[in-house]
Protein chains: 2
Amino acid sequence: MGQRNRLQYIILGLLNQHPQTGYDLAKAFENEIGEFWQAQHSQIYPMLKRLEAAGEISHEDTVTGEKLAKKKYTLTSAGREKLVTWVSQPSPELTPSKDEFILKLYFIKTANDPRIQPMLREQYQLHQSQLHHLQQRQETVFPNQKAIDQAYGHYLILDHAIERESHYVEWLAQYLEK
Amino acid sequence: MGQRNRLQYIILGLLNQHPQTGYDLAKAFENEIGEFWQAQHSQIYPMLKRLEAAGEISHEDTVTGEKLAKKKYTLTSAGREKLVTWVSQPSPELTPSKDEFILKLYFIKTANDPRIQPMLREQYQLHQSQLHHLQQRQETVFPNQKAIDQAYGHYLILDHAIERESHYVEWLAQYLEK
DNA sequence: GTACCCATGTAAAGTGTTACATGATTAC
DNA sequence: GTAATCATGTAACACTTTACATGGGTAC
């Protein structure tokens with residue numbers, strides 16, 4: 001990963017939805033898109049500066065209350081163009097993934113090793129609760145067809161995340177002893 | 001990711017299966033376990049030095065042909081202990097994943113955007129061919145029950161990878177227009 | 001008044017990729 | 001002989017996380 005600087009495009013994409021602050025972006029990386037990309041604020045703020053220096057975004061200071069200064073960032077037309085180009089480009093590479101639990105299983109040689117079942121149970125609970133969480137979010141964010149139509153992309157990735165978790169849970173259950 | 005130095009444990013786990021060279025390890029990160037962890041030789045060789053300095057592995061020089069020197073690494077008892085501890089430890093965190101294609105979908109707002117179908121088709125082909133590749137590997141590596149019993153962990157992770165790809169493909173197909 | 005969240009930033013350290021470098025062996 | 005693969009290593013750079021640092025706003 002890395003070195004292709006995908007983060008910049010994701011920030012452009014998020015800002016294209018509506019102008020937001022760095023703090024808002026950091027929240028988005030925990031919620032809406034957290035299933036498929038992560039970034040901390042320490043990575044976001046410098047990137048916003050870079051994008052602004054490159055003329056792809058601009059900011060407006062807004063003041064809440066006494067003097068809390070926020071920087072609300074917006075795409076420039078150059079930024080919007082760059083975003084469109086990125087989205088239109090093919091993504092011909094499989095996403096590498098790193099799953100520590102699955103690897104631990106790999107290092108267990110025999111099917112009757114007593115460590116397997118507790119490990120499976122732990123992961124089952126972990127993914128089951130994540131699945132519930134995602135399903136609840138789907139119910140609240142997309143209660144009807146209209147909500148889906150208005151944020152189709154968001155619907156797609158949430159649906160994908162739910163499918164992924166649900167099959168992970170099924171796979172675990174298959175090897176769980178009753 | 002990072003900062004927990006998982007790579008060291010994976011190397012210990014691989015060496016525990018049988019003594020190997022850094023080159024062999026690099027190959028393993030492309031093949032057997034490439035679905036769930038990746039590392040280049042530039043990361044592996046320094047790690048081998050670190051592990052050896054820490055007394056967790058040791059190496060033996062072997063010479064093939066005229067003077068090709070290989071370093072075959074083996075676990076020490078300290079290394080084996082460290083590996084067992086790691087495997088026995090819980091893995092209570094969900095694996096973060098980064099999927100550029102899914103994110104691009106997120107930035108497309110409407111279901112009838114003309115970019116969606118070509119993107120889905122591209123990913124369909126990509127994951128379909130990956131699925132075939134994994135299925136073929138399963139057939140050749142695990143032709144019978146005996147092979148499964150002898151490398152149960154390997155069987156599990158290959159099975160998991162196949163399930164994952166196969167559901168990814170199904171998910172894509174669901175949104176593909178005929 | 002205090003705990004929690006909003007809000008922005010920088011520094012340090014760790015992890016990972018690409019490129020640089022070199023040489024031996026094997027299959028054609 | 002030459003291309004592909006085996007084999008080992010370092011350097012530079014890019015990316016990511018954790019920690020350091022600061023201050024305002026809001027709910028109890």
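To find a chain, count down the sequence lines: A is the first, B the second, and so on, and within it residues start at 1. As the structure is a computational prediction, the values presented were derived from the model and not from experiment.
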Can you check the [X] [atom1] to [N] [atom2] distance for me, whole Å?
X       : N      : atom1 : atom2 : answer
A/Gln43 : C/dT10 : CD    : C1'   : 14 Å
A/Tyr45 : D/dT17 : OH    : P     : 16 Å
B/Lys49 : D/dA7  : NZ    : P     : 18 Å
B/Arg50 : D/dG9  : CZ    : P     : 16 Å
A/Glu60 : C/dA7  : CD    : P     : 15 Å
A/Ile11 : C/dT8  : CD1   : C1'   : 14 Å
B/Met47 : C/dT17 : CE    : C1'   : 15 Å
A/Asn5  : D/dC13 : CG    : C1'   : 13 Å

For C/dG16, take OP1 and OP2 only and decide whether either is under 4.0 Å from a side-chain N or O of B/Gln40.
no

side-chain N/O B/Lys98 vs D/dC15 OP1/OP2, d < 4.0 Å
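Answer no for this pair, as no side-chain N or O of B/Lys98 is under 4.0 Å from OP1 or OP2.
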
Among C/dG16, D/dG9, C/dT8, which is the nearest nucleotide to the side chain of A/Thr21?
C/dT8

Which nucleotide in the set D/dT10, D/dA7, C/dG9 lies at the smallest distance from any side-chain heavy atom of B/His41?
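Of all the options, the side chain of B/His41 is nearest to D/dT10.
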
Greater than 12 external heavy atoms within 6.0 Å of B/Gln174's CD
yes

Quick check on DNA chain D: between B/Ser42 and B/Lys70, whose nearest nucleotide comes earlier from the 5' end?
B/Lys70

Check whether B/Gln20 reaches the backbone of B/Leu14 with its side chain - one donor and one acceptor, N or O, closer than 3.5 Å.
yes

Side-chain contact test, heavy atoms from C-beta onward, threshold under 4.5 Å: evaluate it for B/Tyr106 versus A/Gln17 and give yes or no.
yes

Contact between B/Arg6 and A/Lys98 at the side-chain level, heavy atoms closer than 4.5 Å - yes or no?
no

Between B/Gln38 and A/Lys72, name the one whose nearest nucleotide on DNA chain C is closer to the 5' end.
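That would be A/Lys72.
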
With under 30° as parallel and over 60° as perpendicular, where do the rings of A/Tyr9 and A/Trp86 fit, or are they tilted in between?
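Rings of A/Tyr9 and A/Trp86: parallel, as their planes differ by under 30°.
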
Specify the residues of residues 22-35 of chain A, ordered by number, for which at least one heavy atom lies under 4.0 angstrom from an atom of DNA chain D.
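Going residue by residue through residues 22-35 of chain A, none turns out to have a heavy atom under 4.0 Å of DNA chain D.
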
Hey, could you give me the CZ/CD distance between B/Arg164 and B/Gln130, rounded to the nearest 0.5 Å?
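Taking CZ in B/Arg164 and CD in B/Gln130, the distance rounds to 8.5 Å.
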
N-O pairing of A/Glu30 and A/Lys27 below 4.0 Å:
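Result for this pair is yes, salt bridge flagged.
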
